[in-house]
> 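Here's a structure for you.
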Amino acid sequence: MNRLVVAITGASGAVYGVRLLQALAALDGWQTHLVCSPSGLLTAHHELGMQRPQIEALADVVHNVRDIGATIASGSFRCDGMVVAPCSMRTLAAIATGMADNLVTRAADVMLKERRRLVLLARETPLHLVHLRNMTTVTEMGAIVLPPVPAFYAHPRTVDDIVDHTVGRVLDLFDAPHQGLVRRWQGLRSEAGAA
């Protein structure tokens, strides 16, 4: 059984966390552990019209953000890693400074100390120097910063296409099988067929 911790925090882009949960629910052998910050739930309601029960129903196990005694707060809990989707700049700063003051940041801290994969869909623009330094810091600590940037080479036609591509790339980082989420780059081909 593969286990993945998914956190939804208060940046714009709650759809990334929701779509990731949906994609993982469709895979055999994957269990999701969800933790949402209050701001993440507020943003999901504003952007997607989803209430807490609708989001929590997408996960196998749900943890309260204030429950520092949850299983995912310990390095002894076996899992493949964690994705924060989206990752607010407040959450990024807390992870970068080791400020494990809630279950999202504590679980992320556990991933780093246990050398497990931590993927942060950092969502803000424009970025100031502290944002950039925090991204550098977490990268040096072993995290992967994956801003949800559209891949226009895939010729997306809808917002769902853009979201799915990013979610597919996240799943790739955990070797989670999926089909149809990512349009794989096939290289450039000239009309004349010349290389």
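Here, residue 1 is the first one in the sequence, and each next residue gets the next number.
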> Can you list, by chain and residue number, the hydrophobic cluster partners of Val104 when the side-chain cut-off is 4.5 Å?
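Noted: Val104 shares its cluster with Val5, Val35, Val65, Ile72, Phe77, Met82, Val84, Met89, Leu92, Ile95, Leu103, Met111, Leu112, Leu118, Leu120, Leu127, Leu132, Met135, Val138, Met141, Val145.
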
> Would you say that Arg52 contacts Gln54 through its side chain, given a criterion of any heavy-atom pair below 4.5 Å between the two side chains?
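Not touching, per the 4.5 Å side-chain cut-off.
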
> Is Leu181 reachable from Tyr16 through a run of I, L, V, M, F, W or Y residues, each pair having side-chain heavy atoms under 4.5 Å apart?
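Yes, Tyr16 and Leu181 fall within the same hydrophobic cluster.
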
> Is the shortest heavy-atom distance from the side chain of Leu146 to the side chain of Thr166 under 4.5 Å?
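The answer is yes; the side chains approach within 4.5 Å.
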
> Could you state whether Leu58 and Leu41 fall into the same hydrophobic cluster, counting links through intermediate Ile, Leu, Val, Met, Phe, Trp or Tyr residues with side-chain heavy atoms under 4.5 angstrom apart?
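Yes, one cluster joins them.
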
> Taking all non-hydrogen atoms of both residues, which atom of Pro86 and which atom of Ile8 are closest, and how far apart?
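Taking every non-hydrogen atom into account, CD-CG2, 4.1 Å.
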
> Can you find a heavy atom in the side chain of Pro150 that is under 4.5 Å from one in the side chain of His165?
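Pro150 does not reach His165 side chain to side chain.
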
> Rounded to the nearest 0.5 Å, how far apart are NE2 of His178 and CG of Asp172?
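The distance works out to 3.5 Å.
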
> Which heavy atom of Ala122 sits nearest a heavy atom of Pro148, and at what distance?
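Smallest heavy-atom distance, with atoms named: O-CD, 3.4 Å.
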
> Indicate yes or no for a side-chain donor-acceptor contact from Glu140 to the backbone of Thr137 under 3.5 Å, with no hydrogens or angles considered.
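No, the answer is negative, given that no donor and acceptor are paired below the 3.5 Å cut-off.
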
> Do Ser39 and Ser37 have a side chain donor and acceptor closer than 3.5 Å?
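No, Ser37 and Ser39 have no side-chain donor paired with an acceptor closer than 3.5 Å.
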
> Stepwise, does the salt bridge (charged side-chain N to carboxylate O under 4.0 Å, His left out) test hold for Asp101 with Arg90?
CA-CA 12 Å; Asp101 62 339; Arg90 184 252 179 243; 2.5 Å; yes

> Are Leu173 and Leu4 co-members of a hydrophobic cluster defined by side-chain heavy atoms under 4.5 Å apart?
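Linked, Leu4 and Leu173 end up in one cluster.
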
> Test of understanding: clusters of I, L, V, M, F, W, Y form through side-chain heavy atoms closer than 4.5 Å, transitively. Do Leu21 and Val61 belong to the same one?
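Each belongs to a different hydrophobic cluster.
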
> Kindly indicate, with the supporting measurements, whether the criterion salt bridge (charged side-chain N to carboxylate O under 4.0 Å, His left out) is fulfilled by Asp80 and Arg116.
CA-CA 7 Å; Asp80 295 273; Arg116 296 183 187 139; over 6 Å; no

> Keeping Arg106 on the side-chain end and Ala73 on the backbone end, is there a donor-acceptor pair under 3.5 Å?
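Looks like yes, one N/O pair under 3.5 Å.
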
> Would you mind reporting whether Arg133 and Val130 have side-chain heavy atoms less than 4.5 Å apart?
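No, every pair of side-chain atoms sits at 4.5 Å or beyond.
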
> If I take atom CD from residue Gln51 and atom CD from residue Glu56, how far apart are they, to the nearest 0.5 angstrom?
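Separation between the atoms: 11.0 Å.
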
> Decide whether Leu24 and Met50 are clustered together by the hydrophobic rule: side chain heavy atoms of Ile, Leu, Val, Met, Phe, Trp, Tyr closer than 4.5 Å, transitively.
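They do share one cluster, since a chain of ILVMFWY contacts under 4.5 Å joins Leu24 to Met50.
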
> From Thr32 OG1 over to Leu34 CG, what is the distance, rounded to the nearest 0.5 angstrom?
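Reported value, rounded in 0.5 Å steps: 7.0 Å.
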
> How is the hydrophobic cluster of Met99 composed, in terms of its other members, when Ile, Leu, Val, Met, Phe, Trp and Tyr link through side-chain heavy atoms under 4.5 Å apart, directly or indirectly?
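Answer for Met99: none, a lone residue.
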
> Using modelled atom types and a 3.5 Å cut-off, is there a donor and acceptor pairing between side-chain atoms of Asp161 and backbone atoms of Thr158?
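Between the backbone of Thr158 and the side chain of Asp161 there is a qualifying donor-acceptor contact (under 3.5 Å).
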
> If we ignore angles and hydrogens, is there a donor and acceptor under 3.5 Å between the side chains of Thr105 and Asn102?
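Yes - a donor-acceptor pair under 3.5 Å links their side chains.
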
> Is it true that the side chains of Ser88 and Thr91 contain a donor and an acceptor less than 3.5 Å apart?
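Thr91 and Ser88 do have a side-chain donor-acceptor pair below 3.5 Å.
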
> Is there side-chain contact between Phe174 and Asn2, with at least one heavy-atom pair below 4.5 Å?
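Heavy-atom side-chain distance check fails, nothing below 4.5 Å.
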
> Taking Lys113's backbone N and O only, do any of them form a donor-acceptor pair with Arg115's side chain (distance below 3.5 Å, no angle check)?
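Yes, because the side chain of Arg115 sits within donor-acceptor range (under 3.5 Å) of the backbone of Lys113.
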
